[in-house]
J.: 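Handing you a structure now.
Throughout, residue positions are numbered sequentially from 1 according to the sequence presented.
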Amino acid sequence: MVAVTLSENATTETKFKYGLELKEKSLEQPNSNQAVVEIQAAALNHRDVWILKGMYPGIKMGSVLGSDAVGIITKNGTPQLPVGQRVLINPGKGWISDERGPEENYFILGLLPCFGTLTEESVVVDQDELIACPEHLSSTEAAALPLAGLTAYRAVFTKGLVREGDHVLVTGIGGGVALAALQFAVAVGAHVYVTSSSPDKIQRAIQLGAKGGVNYKSENCVGELKKMLNGNLLSAVIDGAGGPLYGVYPKFMKHGGIISNYGQTASVKGVGYSMAHVLKNIEVRGSTMGSRKEFQDMVKLVDEKKIKPIVSHVWNGLNKTTIDEAISVMSNGDQFGKLVIEISRPGSPKL
């Protein structure tokens with residue numbers, strides 16, 4: 001049983017600072033409060049590419065990558081989650097319920113001391129970090145949900161305070177978090193607009209319920225957004241990019257509006273905050289991952305609203321070819337939705 005392991009002696013062709021090896025992995029023995037989960041499918045995140053580039057804190061060689069997974073409990077089930085139950089794994093550890101932030105040292109799956117999900121071998125998981133997978137999700141859709149869904153849920157609701165009737169801008173549509181934010185906000189009755197440099201991605205977002213979108217590279221981006229809003233003002237901006245639009249957001253935001261920022265991929269220099277923001281009581285709120293309670297609430301929303309995560313690409317089997325292809329697609333930004341690898345084992349049924 002192999003696992004995708006971070007290494008300075010790469011056997012795959014990632015072409016970054018660090019590489020990946022497919023290494024044999026053995027199963028740890030669970031404690032009484034831990035379940036054994038056989039992973040059916042796992043998904044990649046931009047975080048995996050940042051780790052390979054050496055641009056992420058706490059990098060440790062020998063880590064098994066992967067933060068997202070759906071699987072089956074094979075040992076040490078509970079009355080609520082018995083053996084045979086399909087489950088989702090909370091992608092974080094050390095954060096129970098405090099809305100302000102983690103109560104303990106917080107870790108994300110996919111870097112030591114945590115396990116990673118890109119592995120053929122079963123994983124040992126604290127029973128409290130498991131939740132029943134909604135039945136309407138396929139295995140690939142379920143694998144796409146945990147990290148992006150949790151990040152989006154906290155950014156949209158806990159930090160962004162989005163509610164029915166609000167006008168909301170989601171930036172950089174196409175990635176897993178932005179798409180989940182769009183789907184969640186639409187599901188509760190908000191009016192959602194998006195930005196992208198790709199007209200195709202904007203059109204696909206409209207098909208998912210967005211009211212419209214603007215190309216942030218267009219010279220008339222600001223004018224197009226103003227026309228699209230038709231006199232309405234934004235209650236929230238759900239942003240994973242940062243960039244120069246921060247300077248013009250006050251023109252389009254309500255007094256007391258919130259910019260919920262979960263990433264700054266446009267620039268390492270940070271974002272602008274001026275007296276224009278202050279005079280309208282506009283807040284910029286950082287948002288990273290989420291608590292176990294938020295994870296449970298997110299899965300409940302997905303179940304109740306029958307939301308299906310958007311999956312861009314699917315590969316079958318954990319091997320050099322599938323890993324290299326998936327990392328290449330992720331690093332090039334070619335996807336619209338999540339990248340998922342089905343974990344096949346000798347003698348296992350096709351998902």
Side-chain angles (χ1 to χ4, degrees), residues 95 97-103 150-173 175 177-196 205 209-216 218 220-291 293-294 297-298 301:
W95 190 354
S97 61
D98 192 336
E99 289 189 354
R100 296 169 299 180
E103 300 91 347
L150 177 59
T151 303
Y153 186 91
R154 178 170 174 80
V156 171
F157 299 116
T158 308
K159 290 301 189 86
L161 303 180
V162 171
R163 63 196 72 174
E164 183 178 3
D166 282 353
H167 293 265
V168 178
L169 180 68
V170 176
T171 67
I173 204 67
V177 178
L179 284 168
L182 165 63
Q183 290 179 290
F184 293 170
V186 168
V188 300
H191 309 286
V192 185
Y193 311 85
V194 301
T195 71
S196 174
K211 297 295 182 182
V214 297
N215 187 329
Y216 62 80
S218 168
N220 195 33
C221 170
V222 174
E224 291 171 359
L225 180 58
K226 181 178 180 179
K227 181 179 179 180
M228 196 170 296
L229 286 168
N230 193 29
N232 294 299
L233 293 173
L234 297 170
S235 298
V237 177
I238 312 301
D239 174 55
L245 285 180
Y246 271 66
V248 300
Y249 283 151
K251 297 179 181 180
F252 306 109
M253 298 191 72
K254 295 174 64 174
H255 285 269
I258 297 168
I259 303 172
S260 182
N261 177 257
Y262 63 87
Q264 297 182 12
T265 57
S267 172
V268 297
K269 297 180 180 179
V271 298
Y273 188 80
S274 68
M275 281 303 299
H277 298 80
V278 174
L279 292 172
K280 292 189 76 172
N281 286 290
I282 293 170
E283 297 182 47
V284 177
R285 297 182 175 182
S287 187
T288 297
M289 297 294 287
S291 67
K293 182 181 184 302
E294 288 168 317
D297 291 343
M298 180 274 292
L301 174 69

J.: Over all heavy atoms of both residues, which pair between Ala178 and Val170 is shortest? Give the atoms and the distance, please.
T.: O-CG1, 3.5 Å
J.: Quick one: pull up CE in Met253 and CG in Leu233 and give me the separation to the nearest 0.5 Å.
T.: 9.5 Å
J.: Check for a donor-acceptor pair, side chain of Asp98 on one end and backbone N or O of Arg100 on the other, with a separation under 3.5 Å.
T.: yes
J.: Within a strict 4.5 Å, meaning less than it, do heavy atoms of the Leu245 and Val248 side chains meet?
T.: yes
J.: Take Glu164 and Val188, measure what side chain to side chain contact (heavy atoms under 4.5 Å, CB included) needs, and give me the verdict at the end.
T.: CA-CA 5 Å; Glu164 183 178 3; Val188 300; 5.6 Å; no
J.: Is there a side chain to side chain contact (heavy atoms under 4.5 Å, CB included) between Phe252 and Leu229 once you walk through the steps?
T.: CA-CA 8 Å; Phe252 306 109; Leu229 286 168; 3.9 Å; yes
J.: How long is the span from the CZ atom in Arg154 to the OG atom in Ser260, to the nearest 0.5 Å?
T.: 8.5 Å
J.: Does Thr158 reach the side chain of Glu294, with side-chain heavy atoms less than 4.5 Å apart?
T.: yes
J.: Decide if atom NZ of Lys254 counts as having more than 12 heavy atoms of other residues, nucleotides or ligands within a radius under 6.0 Å.
T.: no
J.: With side chain to side chain contact (heavy atoms under 4.5 Å, CB included) as the test, would you mind laying out the steps for Val214 and Met228 before giving the verdict?
T.: CA-CA 9 Å; Val214 297; Met228 196 170 296; 3.7 Å; yes
J.: Ignoring hydrogens and geometry, is there a side-chain-to-backbone donor-acceptor pair from Tyr273 to Ile282 under 3.5 Å?
T.: yes
J.: Please report the closest heavy-atom contact between Val162 and Ala236, naming both atoms and the distance.
T.: CG2-CB, 3.9 Å
J.: Of all heavy-atom pairs between Ile173 and Ser196, which one has the smallest distance, and what is that distance?
T.: CG2-CB, 3.8 Å
J.: Determine the minimum heavy-atom distance between Ile258 and Leu161, stating which atoms define it.
T.: CD1-CD1, 3.7 Å
J.: Please verify the inter-ring angle class for Phe184 with Tyr153; under 30° counts as parallel, over 60° as perpendicular, anything in between as tilted.
T.: perpendicular
J.: Restricting to non-hydrogen atoms, name the atom on Ala185 and the atom on Val192 that form the minimum distance, rounded to 0.1 Å.
T.: CB-CG2, 3.6 Å
J.: Can you tell me how far apart CD1 (Ile259) and CZ (Arg285) are? Round to the nearest 0.5 Å.
T.: 11.5 Å
J.: For the pair Thr195 (side chain) and Gly172 (backbone), establish whether a donor and an acceptor sit closer than 3.5 Å, ignoring hydrogens and angles.
T.: yes
J.: Testing the basics here: between Ser97 and Glu103, what is the closest heavy-atom pair and its distance to 0.1 Å?
T.: N-OE2, 2.8 Å
J.: Just verifying a value: how many Å separate Lys226 NZ and Asn220 CG, rounded to the nearest 0.5 Å?
T.: 11.0 Å
J.: Would you say Tyr246 and Asp239 are linked by a side-chain donor-acceptor pair, where the criterion is simply a distance under 3.5 Å?
T.: yes
J.: Rounded to the nearest 0.5 Å, how far does CD1 of Ile238 lie from CZ of Phe157?
T.: 9.0 Å
J.: Mind checking the NZ-CG spacing from Lys211 to Leu169? Nearest 0.5 Å is all I need.
T.: 15.0 Å
